[in-house]
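Working notes for the structure below.
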Amino acid sequence: MISPGRLLLHTPRIMRDPLSFMVAMTRQHGDVVAADFGDFRAFIVNHPDWIEHVLVKNHRNYSKQTVQFTTFSEVTGNGLLNSDGDFWRRQRRIVQPAFHRKTLTDLATIMTDAADRTAARWRTQPGAIVDIEHEMLLLSLPVICESLFGADIRARAAELVEAVTHALDRVMFRAQLPIAGAERLPLAVNRRFEQSMKVLEKWIAEMIDGRRAESVARTDLLGILLSATDEDGRPLPDVVIRDEVMTLIVAGYETVASGLTWIWYLLDQHPYSAQWLREELSDVLHGRTPTLADLPHLPRLKMIVDESFRLYPPSWLVSRQAVAADRIAGHAIEPGALVIISPWVMHRNAAFWPDPEQFDPLRFDLAKTDKPKTRPRYSYIPFGGGPRLCIGNHFALLETQLVLATLAQQFAPTLAQKRPHVAAMVTVRPKNGLQMQIN
Ligand code: HEM
């Protein structure tokens with residue numbers, strides 16, 4: 001058990017770099033690390049069996065009443081990401097059809113069109129140095145908006161990316177300083193939050209009103225939400241629709257952009273893997289834009305994405321609060337205890353991932369090794385697991401593969417700055433962006 005005194009000593013490090021702190025703690029104390037914060041206890045759970053226990057087998061005992069999700073709710077309200085219980089179950093059932101595989105197949109061209117637009121722009125600026133993270137944010141926000149809400153936001157992408165970024169900056173600020181009243185302090189982060197939320201609220205309200213004014217019903221996510229009813233058969237209130245729209249934007253675009261950003265970084269750092277990927281793309285696609293039907297013929301592409309999501313899982317934190325008493329690996333879990341599961345930390349557990357810091361896409365090679373099948377399921381959790389598994393996981397994998405296949409055929413961006421520092425924000429992001437040269 002890490003005592004309150006020792007935690008206090010560690011505070012600067014926890015604030016500066018929670019990822020390496022948690023990795024170090026699990027290497028020092030084992031797969032379940034207990035920490036005493038005085039008025040509550042926290043447990044870092046870093047073994048697949050116990051992760052399965054929390055997320056799947058005993059998931060009803062673990063709620064989302066944690067700082068991570070309550071601060072999030074300032075932006076996303078009571079949307080899918082934060083809600084619990086019957087309300088969450090009903091909402092998940094309503095939203096789920098928008099993510100069925102069959103529906104997703106129709107979205108592939110939205111994704112490749114977005115990648116083609118980025119490629120066309122990059123072709124006009126060979127040798128330019130760009131912030132590749134910003135490029136990926138600018139690419140992925142229009143994809144989400146068009147795919148789920150039929151909204152073309154290309155002309156406003158930069159403005160809306162900035163608004164969402166400022167909203168999420170405040171989520172982080174509140175998570176790091178969870179004291180009453182911090183949201184009213186006269187700080188830039190609060191001011192930008194208020195302004196950005198106005199922009200986002202207005203935009204979402206216009207999108208909902210615009211859709212209501214249409215004569216023909218559409219079947220995308222917005223259409224599904226507008227035609228859904230609550231348990232009494234009444235249309236969903238506007239606030240419920242707003243919360244789900246905001247949730248899906250926030251959950252579904254920075255995550256994808258973060259994943260792609262780190263893939264570009266890893267490909268640059270591992271030229272052999274980059275070349276190995278380009279050979280496959282060239283053999284299968286011969287320079288054309290990929291389609292959904294190509295993906296089964298691009299196993300290297302999938303391995304690179306899987307391994308990148310292992311080393312740089314965009315969502316680094318999955319937190320829960322214990323509802324009733326429980327036991328995890330011999331530890332007594334009291335009601336109210338905080339349980340922390342971190343894909344970042346789990347994916348670096350050497351018992352399941354030998355030489356964990358090494359980028360090795362062949363770990364996911366289904367043809368040459370049975371490792372992927374014999375590895376415990378919950379040793380690889382970029383999308384969480386159990387009933388709260390990411391609803392957008394297939395969407396995200398599809399978009400990541402299609403965008404990467406489109407762009408990596410034509411470009412090999414190279415790092416144009418020092419090695420990036422990893423910042424554990426709402427997603428795992430390079431601190432101050434990632435400058436890369438377009439080649
Ligand atoms: C690489 C990209 C993505 C990653 C790594 C990711 C990761 C995750 C993780 C780890 C969770 C579980 C959180 C928890 O259990 O506490 C989650 C939940 C969720 N994700 Fe994703 N996500 C990604 C993309 C997306 C996309 C594209 C969408 C939507 C279009 C999306 C929507 C959601 C929603 C709504 C939830 C909450 C689901 C629920 O609790 O019912 N995510 N995501």
Side-chain angles (χ1 to χ4, degrees), residues 45 51-52 54-56 59 62-70 72-73 75-85 87-96 98-100 103-104 107 110-111 136-137 139-141 143-149 220-222 224-225 243-263 305-306 308-321 338-344 346-347 378 380-404 426-429:
V45 174
I51 291 177
E52 182 175 12
V54 174
L55 295 184
V56 190
H59 73 93
Y62 292 94
S63 83
K64 288 207 161 189
Q65 293 304 309
T66 64
V67 169
Q68 178 189 15
F69 293 107
T70 48
F72 229 97
S73 66
V75 178
T76 57
N78 201 25
L80 268 186
L81 201 59
N82 327 26
S83 51
D84 270 319
F87 181 80
W88 165 77
R89 242 180 303 282
R90 216 170 33 244
Q91 290 299 110
R92 177 109 186 182
R93 263 200 299 272
I94 292 173
V95 170
Q96 191 77 56
F99 292 94
H100 283 161
T103 318
L104 293 184
L107 305 180
I110 295 177
M111 296 164 179
M136 295 300 109
L137 289 168
L139 189 159
S140 63
L141 186 59
V143 169
I144 277 282
C145 293
E146 193 175 342
S147 303
L148 301 184
F149 319 124
D220 59 11
L221 182 85
L222 190 53
I224 289 174
L225 289 170
D243 288 353
E244 295 306 354
V245 169
M246 192 73 102
T247 295
L248 290 160
I249 292 169
V250 165
Y253 108 103
E254 191 182 288
T255 42
V256 171
S258 156
L260 280 163
T261 300
W262 292 111
I263 293 176
V305 171
D306 287 345
S308 301
F309 283 1
R310 182 187 69 81
L311 268 180
Y312 290 89
S315 298
W316 60 278
L317 179 63
V318 172
S319 62
R320 295 290 188 267
Q321 188 185 56
L338 173 68
V339 173
I340 294 171
I341 294 169
S342 170
W344 179 282
M346 180 62 238
H347 296 172
Y378 293 92
Y380 185 63
I381 47 166
F383 295 104
R388 308 301 301 248
L389 177 75
C390 174
I391 204 168
N393 66 339
H394 296 304
F395 183 108
L397 282 169
L398 185 65
E399 181 177 353
T400 306
Q401 289 174 91
L402 289 173
V403 168
L404 187 60
V426 169
T427 57
V428 172
R429 303 180 60 175

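In each ligand, atom 1 is the first atom listed, and ligand 1 is the first ligand listed. If you're wondering where the values come from, they're calculated on a predicted model, not measured in any experiment. Note that the numbering runs from 1 along the sequence shown for the chain.
Listed by chain and number, K64, F69, L80, L81, W88, R92, F99, I144, L148, L248, A251, G252, T255, V256, F309, P314, S315, V318, R320, P382, F383, G384, R388, C390, I391, G392, F395, A396 each place a non-hydrogen atom less than 4.0 angstrom from ligand 1.
Between H347 and Y380, the ring planes are parallel. Angles under 30° get that label, and only those over 60° would be called perpendicular. Relative ring orientation between Y312 and W344 is described as perpendicular, the plane-to-plane angle rising above 60° on a 0-90° scale split at 30° and 60°.
Under the 4.5 Å side-chain criterion, counting only non-hydrogen atoms from C-beta, F395 is in contact with V143.
In this structure a side-chain-to-backbone donor-acceptor pair under 3.5 Å is missing from E399 to V256. With hydrogens and angles disregarded, no donor-acceptor distance shorter than 3.5 Å links the side chain of T103 to the backbone of F99.
Identified under the side-chain hydrogen bond (donor to acceptor under 3.5 Å, both in side chains) test for residues 75-85, with sequence neighbours left out: T76-N82, D84-R388.
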